[in-house]
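Worksheet for the structure shown next.
The first residue of the sequence shown is numbered 1, and numbering continues consecutively from there. If you're wondering where the values come from, they're calculated on a predicted model, not measured in any experiment. Because only heavy atoms are used, hydrogens play no part in the values below, and waters and symmetry mates are left out as well, while side chains stay in.
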Amino acid sequence: MATRAIAISKVAAPAPRGVAQRHLSTSGAIAVEKLRDVIDAYRRENYVHELPSRCKKDMLAVADKNKDGRIPVEGIETLLRNIGASDCMSRAEIETILSEEGESHAKVIERDHLMNLI
């Protein structure tokens, strides 16, 4: 009996209302899931009584250093460092998320879009 291999190259990412749906590569989807898991684990350990969305919103506000609604690679790295998870994601994984879901030329992502991803 022959087995068929199915390759999944794109995974649909949730899109904010009014925005066209984007697609992540497999490595992009894995990176987003990893970031989501790291943030969720931190919230469960430290902010169990706070709403998940409120905690994530506060965390992303800290990552938005310029307060312009755009989060750079360095902002996500700072966020991970602040929660003791800097060894959980590589810069390349963060850059993958930003290049596929953000503004790849500037290596930034809109805060609200990242909020929807995680």
Side-chain angles (χ1 to χ4, degrees):
M1 177 186 263
T3 22
R4 293 185 338 191
I6 300 173
I8 300 174
S9 61
K10 298 282 184 179
V11 177
R17 284 185 285 248
V19 176
Q21 186 170 5
R22 300 179 185 189
H23 293 281
L24 288 169
S25 67
T26 302
S27 60
I30 291 169
V32 167
E33 187 66 28
K34 190 183 272 191
L35 181 60
R36 182 182 304 130
D37 290 347
V38 166
I39 291 173
D40 283 341
Y42 180 78
R43 185 198 60 80
R44 283 191 309 274
E45 291 174 18
N46 298 284
Y47 294 94
V48 71
H49 298 294
E50 189 170 336
L51 289 172
S53 60
R54 182 73 210 170
C55 182
K56 290 175 185 178
K57 185 176 180 179
D58 290 347
M59 292 172 80
L60 293 181
V62 171
D64 181 8
K65 292 182 176 195
N66 297 333
K67 306 301 179 215
D68 61 357
R70 300 168 62 197
I71 299 175
V73 172
E74 295 78 15
I76 297 174
E77 287 177 326
T78 299
L79 166 68
L80 293 172
R81 193 171 35 259
N82 287 349
I83 65 173
S86 59
D87 60 337
C88 294
M89 288 191 77
S90 69
R91 183 178 182 94
E93 290 171 316
I94 296 167
E95 288 178 350
T96 297
I97 295 170
L98 272 54
S99 69
E100 293 186 21
E101 286 293 324
E103 299 174 26
S104 59
H105 63 282
K107 294 204 183 346
V108 297
I109 188 168
E110 294 292 324
R111 184 178 57 219
D112 292 341
H113 185 62
L114 184 57
M115 179 72 179
N116 287 328
L117 287 174
I118 61 169

E74 vs R91, side chain to side chain contact (heavy atoms under 4.5 Å, CB included): CA-CA, chis, key distance, verdict: CA-CA 9 Å; E74 295 78 15; R91 183 178 182 94; 3.1 Å; yes

Backbone of I71 reached by a side-chain donor or acceptor of D64 within 3.5 Å: no

Full working for side chain to side chain contact (heavy atoms under 4.5 Å, CB included) between K56 and R43: CA-CA 8 Å; K56 290 175 185 178; R43 185 198 60 80; 5.6 Å; no

Heavy-atom side-chain proximity of M115 to M59 below 4.5 angstrom: no

Side-chain donor/acceptor of E100 to backbone N/O of S25, under 3.5 Å: yes

K34/E93 ion pair, N-O < 4.0 Å: yes

Cluster check I30, I97: I/L/V/M/F/W/Y, side chain < 4.5 angstrom: no

Salt bridge flag under 4.0 Å for residues R111 and D68: no

Side chain to side chain contact (heavy atoms under 4.5 Å, CB included) between N46 and I83, worked out: CA-CA 10 Å; N46 298 284; I83 65 173; over 6 Å; no

Audit row: L60, I118, side chain to side chain contact (heavy atoms under 4.5 Å, CB included) steps and yes/no: CA-CA 10 Å; L60 293 181; I118 61 169; 4.0 Å; yes

Minimum side-chain heavy-atom gap T78-V62 below 4.5 Å: no

Heavy-atom side-chain proximity of L35 to L117 below 4.5 angstrom: no

